[in-house]
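What you are looking at is a predicted structure, and each value in this text was computed from that prediction instead of being measured. So that the names make sense, note that chain A is the first sequence line, chain B the second, and so on, each numbered from 1.
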Number of protein chains: 2
Amino acid sequence: MFELDVENSKPIYEQLMDKFKELMINDVLQEHNQLPSIRILARELTINPNTIQKAYKQLESDGYIYTLPGKGNFVAPPTSLKNSLEEKIRNDLEKVFAEALYIGIDKHEIYRLLEKGGDS
Amino acid sequence: MFELDVENSKPIYEQLMDKFKELMINDVLQEHNQLPSIRILARELTINPNTIQKAYKQLESDGYIYTLPGKGNFVAPPTSLKNSLEEKIRNDLEKVFAEALYIGIDKHEIYRLLEKGGDS
DNA sequence: TGGGTGTATTATTCTTCCTAATACAGTTCA
DNA sequence: TGAACTGTATTAGGAAGAATAATACACCCA
């Protein structure tokens with residue numbers, strides 16, 4: 001399904017979260033799709049099940065996925081995302097804007113990057 | 001000069017970097033201004049000098065500041081910022097845009113946040 | 001019932017963060 | 001020159017987080 005970078009300084013469970021968020025954002029994983037089971041994914045990636053569980057648990061508490069005990073983990077509708085997440089992302093936006101302008105990326109360039117991406 | 005949050009999960013040296021970047025971005029610290037000496041700042045914040053040094057060293061390797069051994073640390077002109085940094089910030093921009101759109105923040109809102117901020 | 005799912009717990013190892021205590025070298029200035 | 005700054009480097013140790021390992025338990029479903 002994807003690879004991990006063991007050399008990366010970022011913790012494995014965070015890399016996992018990023019990968020899954022990416023898949024959801026790019027609509028590869030859609031609402032109510034099932035995520036790979038903890039044990040299977042752990043075997044495929046040859047990492048510890050507890051590490052997967054940690055990533056899933058965090059994704060769940062952020063509202064990206066939901067869990068049905070005994071059944072599995074599934075992509076949550078974006079409406080169930082936590083408000084605290086939106087706050088955080090607004091802050092991220094402001095922060096990266098300030099930094100981008102400081103290092104010399106100008107507004108038009110930022111506009112371009114925004115338009116280049118999503119649809120909404 | 002500023003406070004640190006010991007409870008914060010973010011490492012102290014990263015908090016320090018953020019604080020100084022913020023001061024530079026907001027023009028409180030300007031080109032060639034001297035930063036507080038490692039020992040003095042360590043005493044003021046009651047943290048270990050090595051922690052300050054780590055923050056300064058990282059800021060230097062990113063190109064935010066430059067060091068004159070025996071003299072001190074100084075704010076670098078933005079032109080000396082590393083290209084790798086610009087790459088990183090472009091990625092951050094794209095990533096946070098995708099995430100913002102996914103959670104339901106629309107483009108106009110992002111525009112608003114951008115205009116609210118800097119001047120450039 | 002059997003085999004899948006998630007969950008919880010305990011112990012162990014490894015790495016990073018931070019502190020602590022030094023020692024060394026360049027700069028400044030009286 | 002020498003005292004008092006500056007940054008730099010090294011070694012050691014403690015604390016916390018990341019990851020592994022090995023279980024055990026509970027839920028779901030054919």
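At C:dG6, none of the side-chain N or O atoms of A:Thr67 fall inside 4.0 Å of OP1 or OP2 (strictly under the cut-off). Side-chain nitrogen and oxygen atoms of B:Lys57 include at least one within less than 4.0 Å of the OP1 or OP2 phosphate oxygen of D:dA9. Note on B:Thr51: a side-chain N or O is less than 4.0 Å away from OP1 or OP2 of C:dT19. Here A:Tyr13 does not reach the OP1 or OP2 of D:dA19: none of its side-chain N or O atoms lies under 4.0 Å away. The side chain of A:Lys71 places an N or O atom within less than 4.0 Å of a non-bridging phosphate oxygen (OP1 or OP2) of D:dC29. Dashed line: the shortest gap from a side-chain N or O of A:Asn73 to OP1 or OP2 of C:dT5 is not under 4.0 Å.
Taking the nucleotide of DNA chain C with the nearest heavy atom to each of A:Leu68 and B:Pro49, the more 5' of the two is matched to A:Leu68.
In the hydrophobic clustering of this structure, A:Leu35 groups with A:Val28; members are Ile, Leu, Val, Met, Phe, Trp, Tyr whose side-chain heavy atoms approach within less than 4.5 Å, directly or through other members. A single hydrophobic cluster is seen to contain both B:Tyr111 and B:Tyr102, as judged by linkage of ILVMFWY side chains at heavy-atom distances under 4.5 Å, directly or through other members.
In this structure, A:Lys54 places its NZ atom 7 Å from P of D:dA19, rounding to the nearest Å. If you take CG of B:Leu59 and C1' of D:dG7, they are 15 Å apart, rounded to a whole angstrom. One interatomic measurement links the two molecules: CG of B:Leu16 to P of C:dC17, which rounds to 13 Å at whole-angstrom precision. Atom pair B:Arg43:CZ and C:dA20:C1' shows a separation of 16 Å (rounding to whole Å applied). Taking atom CD on B:Gln34 and atom C1' on D:dT6, their separation rounds to 8 Å, with Å as the unit. When rounded to the nearest whole Å, the span between OH of B:Tyr66 and P of D:dG7 equals 13 Å. Remark: P of C:dC18 and CE of B:Met17 are 12 Å apart, rounded to the nearest angstrom. In this structure, CD of B:Gln53 is placed 13 Å from P of C:dT19, rounded to the nearest angstrom.
Within 6.0 Å of the NZ atom in B:Lys19, the count of heavy atoms belonging to other residues, nucleotides or ligands exceeds 12.
Among the heavy atoms of the strands, none lies under 4.0 Å from A:Leu35. Within 4.0 Å (heavy atoms only), A:Ile52 reaches no atom of the nucleic acid at all.
Across A:Tyr64, A:Tyr66, A:Tyr56, a single residue satisfies ring-ring contact (aromatic ring centres under 6.0 Å, His included) together with A:Phe74, and that is A:Tyr66.
B:Glu115 and A:Lys107 are joined by a salt bridge, as a carboxylate oxygen and a charged side-chain nitrogen come within less than 4.0 angstrom of each other. Ion pairing of A:Asp62 with A:Lys21 is absent here, as no side-chain N (NZ or NE/NH1/NH2) approaches a carboxylate O to less than 4.0 Å.
In this model, a side-chain donor or acceptor of A:Asn48 finds a partner on the base of D:dA21 within 3.5 Å. For A:Arg39 and C:dG6, a side-chain-to-base donor-acceptor distance below 3.5 Å is present, hydrogens and geometry of angles not being considered.
Proximity note for A:Asn50 (side chain, C-beta onward) versus D:dA9, D:dA21, C:dT5: the nearest is D:dA21. Out of C:dG6, D:dT6, D:dA19, the shortest distance to the side chain of A:Ile12 is found at D:dA19.
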